[in-house]
Amino acid sequence: MNPLHDVLQQYYQEQMNMPKETITTHFWRQAFHVEAPMGWLNDPNGALQIDGVYHLYYQYAPHDAAGGIKYWGHMRSDDLVHFKDEGVALYPDQPYDLHGVYSGSAFIENGVIHYFYTGNVKHLGHHDYITSGREQNTIHAISRDNGATIEKQQVVIAAADYPPSMSNHIRDPKVRKINGTYYMVLGARDLADQGQVLVYRSDNLDDWVYHGVFFGPLAHMGYMWECPDFFQLGDQEVLLVSPQGIDAQPHRFQNIYQSGYYLGSVDWETVTFTPDTPFQELDYGFDFYAPQTFTDERGRQILWGWMGLPDAEYENPTVPLGWQHAMTLPRVLEVRSGKLYQQPHENYQVLRDVAVTRELNVTDGTYEYFSGQLQEIIVDIETITELSVQIKGDTNIHFQSEKGLLTLQLNEAGYGRKQRTLQLEQLTGLQLFVDRSSLEVFINQGEYVMTTRMYPDEHEDKVEITGKLTATVTHYSLREAK
Ligand code: FRU
């Protein structure tokens, strides 16, 4: 053990005892989305299911709601609906991860969980963190007690050993086993400021050899690709990446950074990915980034996204209250007709309370109205000219068939954020999840998703539907996942 370790552990323990009561009772605290008990949360990490139990780790800065040095927080769940806070799983307490236990993933073999994460180290005095002044090591850690405790093992790829054509930005490992060989992908930025995915190989999970570039770089696709993920769905290979530095277009790439997918194939001889589709965004709302998937024990691929973004262009009003950010609902992935569909994992249905179904035949001026802090609303559309859904006073979803545009507008509840739009051929259905301070909209059975935080006044609880359409609307009041 290094001498710093004990000192740091004591410091961390003292900090963790800070009072949290005012946080946990605030009316913007989410009722059925994962949040950290205090401070800052970002990427989902190390998601897995073992012996029936789900574990979700996450980027966590408990002492600073505006960000700071990252730990891994840990939540555990029997059903993906109710989560128990298991505290901090990994502290930045070693020379190789001193300025942050950055993002990583889990890989299960023979009952042992192998975690791979990025150890971030800043060299003080240097301000050029791109080519100097920073290390990002790849580290192996294991758990032999189903995720309850994690022991750090060793640096498996030291920053100094990354390919010379790369900058110091190489991070976020994800591992997979194919025909007896382990493959690790890492997000990277090269010295020419181009994002790409690198791949390493191993026969034993300890010794890793650089294989080459798995995919990229591509023109106009940004300077850095974060959080790569790769898996097979049916007969398609799927590659997820979170690129930074793509220029905004009128109805695409509207956030500061993007998250999206390619469907394609992998040649396991050369270990390279070839896409069949262009890059498609995973979400069109204000708050979605750095998703990670895991394969559940039924073989399904489940995705969590960070319901937030780095460098968001607004001042989040929960920061002065002592916390910031949340996770999306866990989503089940499926490939249909050349697209990746996302559906909320069905277990949330245990939260459904009173149900109301209405046949809507709406012309201008009439509306359906539902109230409740926590709601799920399913709109199955038969014919549509126009639709407007007003949520908790100030958040609005609007669709016009003629333009083929779905608009999400935040107004006052956005604290400076205004509008996101999605262009789509037709709108056949919406499924809305209204939590205390977030909205997730699944569009056309999960063909598209729009996710956002919103900050309504305390007693706003109405959802109103107006427009010109014929549809069946089913409304559920939801219970808290407590
Ligand atoms: C993505 C990211 C990762 C990094 C982590 C640090 O949001 O920047 O690339 O590992 O967050 O918290």
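Since the model is a prediction, treat every value here as computed from it, not as a measurement. When a ligand or atom number is given, it counts from 1 through the structure's own listing order.
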Review point. Side-chain donor-acceptor pair under 3.5 Å between Tyr57 and Tyr117, yes or no?
Key: no

Check your understanding: Just checking, any donor-acceptor pair under 3.5 angstrom between side chains of Gln136 and Asn168?
Key -> no

Practice item. Can you establish whether the number of heavy atoms outside Glu412 located under 6.0 Å from its atom CD is more than 12? Key: no

Review point. Is a side-chain donor-acceptor pair under 3.5 Å present for Ser265 with Asp267?
Key: no

Note down each nitrogen or oxygen pair, ligand 1 side and protein side, whose separation is under 3.5 Å; give only atom names and the distance to 0.1 Å.
| unit_1 | atom_1 | unit_2 | atom_2 | d |
| --- | --- | --- | --- | --- |
| ligand 1 | 7 (O) | Asp43 | OD1 | 2.8 |
| ligand 1 | 7 (O) | Asp43 | OD2 | 3.3 |
| ligand 1 | 8 (O) | Glu226 | OE2 | 2.7 |
| ligand 1 | 9 (O) | Arg171 | NE | 2.8 |
| ligand 1 | 9 (O) | Asp172 | OD1 | 3.4 |
| ligand 1 | 9 (O) | Asp172 | OD2 | 2.7 |
| ligand 1 | 9 (O) | Glu226 | OE2 | 2.8 |
| ligand 1 | 10 (O) | Ser103 | N | 3.1 |
| ligand 1 | 10 (O) | Asp172 | OD1 | 2.6 |
| ligand 1 | 11 (O) | Asn42 | ND2 | 3.3 |
| ligand 1 | 11 (O) | Asp43 | OD2 | 3.1 |
| ligand 1 | 12 (O) | Asn42 | ND2 | 3.0 |
| ligand 1 | 12 (O) | Gln59 | OE1 | 2.6 |

Output side-chain donor-acceptor pairs under 3.5 Å for residues 147-156, partner residues at least two apart or in another chain, one line each.
| unit_1 | atom_1 | unit_2 | atom_2 | d |
| --- | --- | --- | --- | --- |
| Thr149 | OG1 | Asp145 | OD1 | 3.3 |
| Thr149 | OG1 | Asp145 | OD2 | 2.5 |
| Lys152 | NZ | Tyr91 | O | 2.5 |
| Lys152 | NZ | Asp93 | OD1 | 2.8 |
| Lys152 | NZ | Asp97 | OD2 | 2.6 |
| Gln153 | NE2 | Glu151 | O | 3.2 |
| Gln154 | NE2 | Asp206 | OD1 | 3.4 |

Review point. Which of parallel (below 30°), tilted (30 to 60°) and perpendicular (above 60°) describes Phe116 and His114?
Key: parallel

